[in-house]
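See below for the structure under consideration.
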Amino acid sequence: AACSSYRLRDALHPLWQSELTVSGGTRQSPINIQWRDSVYDPHLKPLKIHYDPTTCLYVWNNGYSFQVEFDDSADKSVIMGGPLENHYRLKQFHFHWGAINEWGSEHMVDSKVYPAELHLVHWNPVTSTSFEEAIMENNGLVVIGVFLKLGAHHAGLQKLVDALPAVRHKDAIVEFDVFDPCCLMPSCPDYWTYDGSLTTPPLTESVTWIIKKTPIEVDQNQLEEFRMLLFTSAGEEEKRMVDNFRPLQPLMNRTVRSSFR
Ligand SMILES: CCCSc1c(F)c(F)c(S(=O)(=O)NC)c(F)c1F
Ligand SMILES: [Zn+2]
């Protein structure tokens with residue numbers, strides 16, 4: 001079996017075949033979080049999450065992940081507190097995963113890699129007038145990262161997994177209403193936070209990352225369902241949607257703060 005620290009650098013999808021770089025990037029993501037180098041910040045508040053399940057709109061395959069989109073036309077599904085100065089609206093969530101359980105997450109903790117990682121993407125409605133604008137703004141976005149580890153069946157995730165066959169091909173879309181992403185959050189409040197970037201184009205350095213310390217558990221069948229999705233559109237030669245993670249990026253002059261001792 002592949003050594004667990006081995007990471008596919010030339011993953012199948014064009015996005016990751018060439019090492020994606022932003023010229024002069026100083027705060028790129030993902031990174032390896034070295035637990036002992038992270039700094040406890042007593043000023044970090046608990047993260048407050050209020051998601052309204054009725055803001056859930058649909059699931060779609062965007063050609064590099066499957067994504068659940070939310071109605072962000074009002075402050076209905078928001079996060080605040082933690083390292084944040086104001087509230088941020090939930091726009092979408094998606095996942096990154098590997099072809100096998102030995103790899104798949106984008107971030108690592110002390111070089112430990114997880115089979116998958118959930119990203120909940122939020123934008124700042126105070127400093128931006130739209131999500132598209134916030135992508136380009138310094139700290140316009142907040143992404144909560146949650147690690148997935150192999151373990152017990154995740155009942156909350158299963159509702160989403162059951163919708164995946166309907167979005168097997170790129171650009172497929174299926175209605176998906178009343179889903180509360182809170183069910184995908186670990187109960188442990190502990191997190192790391194650092195300044196970083198999108199891990200897909202345009203790779204803009206606009207993300208305040210909040211990485212939860214504790215993973216959620218999903219079972220083998222649920223991970224296999226992720227791996228049955230396709231990067232390709234209907235009618236094209238099928239390419240399985242796997243290894244849709246970006247390689248690790250240099251920490252450079254950044255400190256990762258922790259909300260816990
Ligand atoms: C043009 C952006 C479309 S929205 C989006 C996304 F689709 C995505 F995949 C990531 S990510 O970098 O991969 N994960 C945090 C983002 F940050 C995003 F904002
Ligand atoms: Zn992501």
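The first residue in the sequence is number 1, and the count goes up from there. Each ligand, and each atom within it, is numbered from 1 in the order the structure gives. The basis for the numbers below is simple: all heavy atoms, side chains too, and nothing from hydrogens, waters or symmetry mates.
If you look at the Zn ion (ligand 2), the protein N, O or S atoms less than 2.8 Å from it are His94 NE2, His96 NE2, His119 ND1.
Ranking the protein heavy atoms by distance from atom 5 (C) of ligand 1 puts Gln92 NE2, 3.2 Å first. Ranking protein heavy atoms by distance to atom 3 (C) of ligand 1, first place goes to Phe131 CE2, 4.3 Å. In terms of protein heavy atoms, atom 2 (C) of ligand 1 is closest to Ile135 CD1, 3.8 Å. The protein atom (non-hydrogen) at minimum distance from atom 17 (F) of ligand 1 is Leu198 CG, 3.2 Å.
In this structure, Lys213 pairs ionically with Asp190, as a charged nitrogen and a carboxylate oxygen lie closer than 4.0 Å. Salt bridge absent: Glu117 and Lys212 never bring a charged side-chain N and a carboxylate O closer than 4.0 Å.
In terms of polar-atom proximity, defined here as any N/O pair under 3.5 Å, His94 does make such a contact with ligand 1. The shortest N/O to N/O separation between His119 and ligand 1 falls below 3.5 Å. Note: an N/O pair closer than 3.5 Å links Thr199 and ligand 1 by distance alone.
Arg246 does not count as a contact of ligand 1, since none of its heavy atoms falls under 4.0 Å from the ligand. For Trp209, the closest heavy-atom approach to ligand 1 falls below 4.0 Å. Heavy-atom separations between Glu106 and ligand 1 are all 4.0 Å or longer.
Heavy-atom contacts of His96 reach the following atoms of ligand 1: 13 (O), 14 (N) (cutoff under 4.0 Å). Set against the non-hydrogen atoms of Val121, the atoms of ligand 1 under 4.0 Å away are 19 (F).
With no hydrogens or angles considered, no side-chain donor-acceptor pair links Glu205 and Ser197 at under 3.5 Å. Side chains of Asp243 and Trp103: a donor-acceptor N/O pair is present below 3.5 angstrom, by distance only.
Comparing heavy-atom distances from atom 1 (C) of ligand 1 across Ala134, Pro202, Gly196 singles out Pro202 as nearest.
Residue Arg27 forms a side-chain hydrogen bond (donor to acceptor under 3.5 Å, both in side chains) with just one option from Asn253, Asn138, Asp195, and that option is Asn138. Applying side-chain hydrogen bond (donor to acceptor under 3.5 Å, both in side chains) to Gln222 and the options Glu217, His154, Gln158 leaves one that passes, Gln158. Between Ser77 and the options Thr54, Thr55, Asp180, a side-chain hydrogen bond (donor to acceptor under 3.5 Å, both in side chains) holds for only Thr55. Tested against Val256, the residues Asp41, Ile33, Asp37 include a single side chain to side chain contact (heavy atoms under 4.5 Å, CB included) partner, Ile33.
Under a cutoff of 6.0 Å and an axis angle of 45°, Lys112 and Phe147 do not form a cation-pi pair.
Taking the six-membered ring for Trp and the full ring otherwise, His107 and Trp209 have centroids separated by under 6.0 Å.
At a heavy-atom cutoff of 4.0 Å, ligand 1 is contacted by no atom of Val207, backbone or side chain.
Note on ring orientation: taking the six-membered ring where Trp is involved, the planes of Tyr51 and His122 are parallel (angle under 30°, cut-offs 30° and 60°).
Distance CE/Met252 to CD/Gln28: 9.0 Å, rounded to 0.5 Å. Distance check: His94 NE2 to Thr200 OG1 gives 6.5 Å after rounding to the nearest 0.5 Å.
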